[in-house]
Amino acid sequence: MSTGEPIQSFEKLRISASMLKAMKELGFTKPTPIQSESFAPILSGKDIVGIAQTGTGKTLAYSLPILDALPYSEQMNPRVLILVPTRELVLQVVDQLEEYSKFKSVRILGLYGGVNIKQQIEPITQGADVVVATPGRLYDLAVSRILQLKNIKQLVIDEVDVMLDLGFRFQLNNIFDLLPPRRQNIMFSATMTTEIDLIIDEIFIKPTRIAIGFSGEPLKNIEQVSYAVPNFYTKVNLLAHLLSDKEEFKKVIVFVGTKKLADKIFDTLEGELGNSISVVHSNKSQNFRIKAIEDFDSEKNRIMISTDVMARGLDLEHMSHVVNFDTPEFPENYIHRIGRTGRAGRMGKSIIFFTNKEEDYKIEIELLMNMEIPELDFPEEVAVSSQLIPEERKLKVAKSPHGNSAKNQKTTAYHKKADKNTKENLGSKWKREGSKKYKKPQRKGDKIQNRNSKKKR
Ligand code: AMP
């Protein structure tokens, strides 16, 4: 999160006159928050992990310090490698880098699959300082020794969440093996996943983590509530129950961590909700995704189930609710999810389901937001399922929320977590000061539940 005051001008970053001139020409008056926060750490040569969405200016955030510090050279082999997930992004990043380095002599080369590899030999032999590439084609060119990676000093992996979602893990590993071990690693991603965490553990050395602090403002427009729910199928029952209120749940995005579970929810609810529900994730064809998103945006469909990665580029209008079917392990993902509602000054609503196992993640989210998410009682009329999905079978059987046991489990988990948080003892600090500082949350969301309960009676 944000550490200090944002830097208010490019001059204060002490970039060279040529870069400054490019910024002026582009009409960029001051660095964006991610730009001012990443500039010094990237320049220092440390490994960097940045959490930032598209549109925050992250391309300039990593390219400004890199381009600014890059000395003139006539050598053939590139010194900077930027990996991006798609051909479109290669073209976009190359365009941006060319604009940013307009008044400096830097050779930028874009390489991507889908075109004849032979056509790329000629531009490579011309020499390049910075290569922007998709992982598959880059690996093919490197392994066939058309492109030499031995002089790479800086590696940028951009939109790594999308890259992994598209199945590029294998290619990434192969590329890492071909790169010189002494190099700076920089990664940008909008969402965090355990798979990304594994890569960080494997190849990054003591990375500096930069996440642009979200301002508290957008959160004010979002009414947040939570339900303790014992397992997947009970979550499906609760979701179906909530969604049956068409008046209240007008336009809903349901977030789920994995494609497999997104499909499972869809399959379970499709019969009940028919053509008002759709599912999008990266295993669906491009045409299918476009149609699903269009139908949802035009309100032909009321409900869309989506994975974190798929939904992040969407700019959807007037969402009434965000349902977090699972509790994200990385708290920033929750902030991105709920930011899909409550836009443009409108009120939005967010609901989060958490199991006993996910309770710790919820506490992490609350600590990040410095507020507690009010918990609603589990509706009496919703059936509690004892059926478990394979992932849950390994865990101990959860008890019925009707018996108030989930709530007790929650309290225990909260205290356990608070005690466990020894770093700054944030947990207990939050308990002591946070609860004093922040008023007891209003249970506005009770309305939803009461209305549903009344209707059913
Ligand atoms: P990105 O997040 O890298 O995709 O950038 C989003 C857009 O913001 C791009 O079109 C950039 O040209 C623009 N941009 C980047 N940095 C700045 C800045 N400091 N001031 C104004 N616009 C910017």
Side-chain angles (χ1 to χ4, degrees), residues 2 4-43 48-69 80-104 106 108 110 112 130-134 154-163 165-166 186-192 196 209-215 218 308-315 332-333 335-336 339-340 343:
S2 183
E5 284 296 302
I7 296 162
Q8 292 302 341
S9 74
F10 285 107
E11 281 84 355
K12 289 218 170 102
L13 293 179
R14 300 180 189 218
I15 51 172
S16 59
S18 59
M19 299 301 290
L20 208 51
K21 192 171 170 196
M23 296 300 110
K24 288 224 166 84
E25 196 149 295
L26 284 162
F28 295 179
T29 50
K30 59 175 189 186
T32 63
I34 192 81
Q35 289 163 6
S36 61
E37 279 204 41
S38 11
F39 191 82
I42 293 183
L43 211 58
I48 308 288
V49 174
I51 308 288
Q53 286 194 300
T54 313
T56 53
K58 67 181 167 59
T59 317
L60 185 62
Y62 64 74
S63 59
L64 187 64
I66 291 178
L67 293 170
D68 196 36
V80 179
L81 174 62
I82 301 172
L83 295 173
V84 298
T86 62
R87 169 202 162 113
E88 288 71 30
L89 212 57
V90 170
L91 297 170
Q92 200 181 305
V93 170
V94 168
D95 273 356
Q96 288 193 35
L97 263 56
E98 275 170 354
E99 290 279 1
Y100 303 154
S101 59
K102 201 169 169 185
F103 302 105
K104 188 176 165 133
V106 184
I108 299 155
Y112 43 80
V130 180
V131 162
V132 184
T134 47
Q154 288 168 303
L155 167 71
V156 180
I157 321 171
D158 194 6
E159 305 215 352
V160 63
D161 49 352
V162 178
M163 220 177 262
D165 204 48
L166 294 173
I186 300 163
M187 171 192 279
F188 275 91
S189 184
T191 48
M192 274 304 288
I196 298 178
R209 289 178 190 255
I210 300 160
I212 31 166
F214 58 90
S215 101
D308 288 289
V309 178
M310 193 40 58
R312 74 197 185 85
L314 307 178
D315 189 18
E332 290 85 1
N333 293 359
I335 308 295
H336 287 154
R340 301 271 134 212
R343 290 181 156 198

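Note that ligands are numbered from 1 as they come in the structure, with each ligand's atoms numbered from 1 the same way.
Residues passing the side chain to side chain contact (heavy atoms under 4.5 Å, CB included) test with Glu88 are Thr86, sequence neighbours excluded.
Heavy-atom contacts from other residues, nucleotides or ligands closer than 6.0 Å to NZ of Lys104 number more than 12.
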Can you give me a line-by-line list of nitrogen or oxygen pairs between ligand 1 and the protein shorter than 3.5 Å?
{"unit_1": "ligand 1", "atom_1": "2 (O)", "unit_2": "Gly55", "atom_2": "N", "d": "2.7"}
{"unit_1": "ligand 1", "atom_1": "2 (O)", "unit_2": "Thr56", "atom_2": "N", "d": "3.1"}
{"unit_1": "ligand 1", "atom_1": "2 (O)", "unit_2": "Gly57", "atom_2": "N", "d": "2.8"}
{"unit_1": "ligand 1", "atom_1": "2 (O)", "unit_2": "Lys58", "atom_2": "N", "d": "3.3"}
{"unit_1": "ligand 1", "atom_1": "3 (O)", "unit_2": "Lys58", "atom_2": "N", "d": "3.3"}
{"unit_1": "ligand 1", "atom_1": "3 (O)", "unit_2": "Thr59", "atom_2": "N", "d": "3.0"}
{"unit_1": "ligand 1", "atom_1": "3 (O)", "unit_2": "Thr59", "atom_2": "OG1", "d": "2.6"}
{"unit_1": "ligand 1", "atom_1": "16 (N)", "unit_2": "Gln35", "atom_2": "NE2", "d": "2.7"}
{"unit_1": "ligand 1", "atom_1": "19 (N)", "unit_2": "Lys30", "atom_2": "O", "d": "2.9"}
{"unit_1": "ligand 1", "atom_1": "19 (N)", "unit_2": "Gln35", "atom_2": "OE1", "d": "3.0"}

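When every heavy atom of Phe188 is checked against every heavy atom of Ala61, the shortest pair comes out as CZ-CB, 4.4 Å. Heavy-atom minimum distance, Tyr112 versus Thr134: CA-OG1, 3.3 Å. Between Leu64 and Met23, the closest heavy-atom pair is CD1-CE, 4.2 Å.
By the 4.5 Å heavy-atom criterion applied to side chains, Lys30 and Lys12 are not counted as neighbours.
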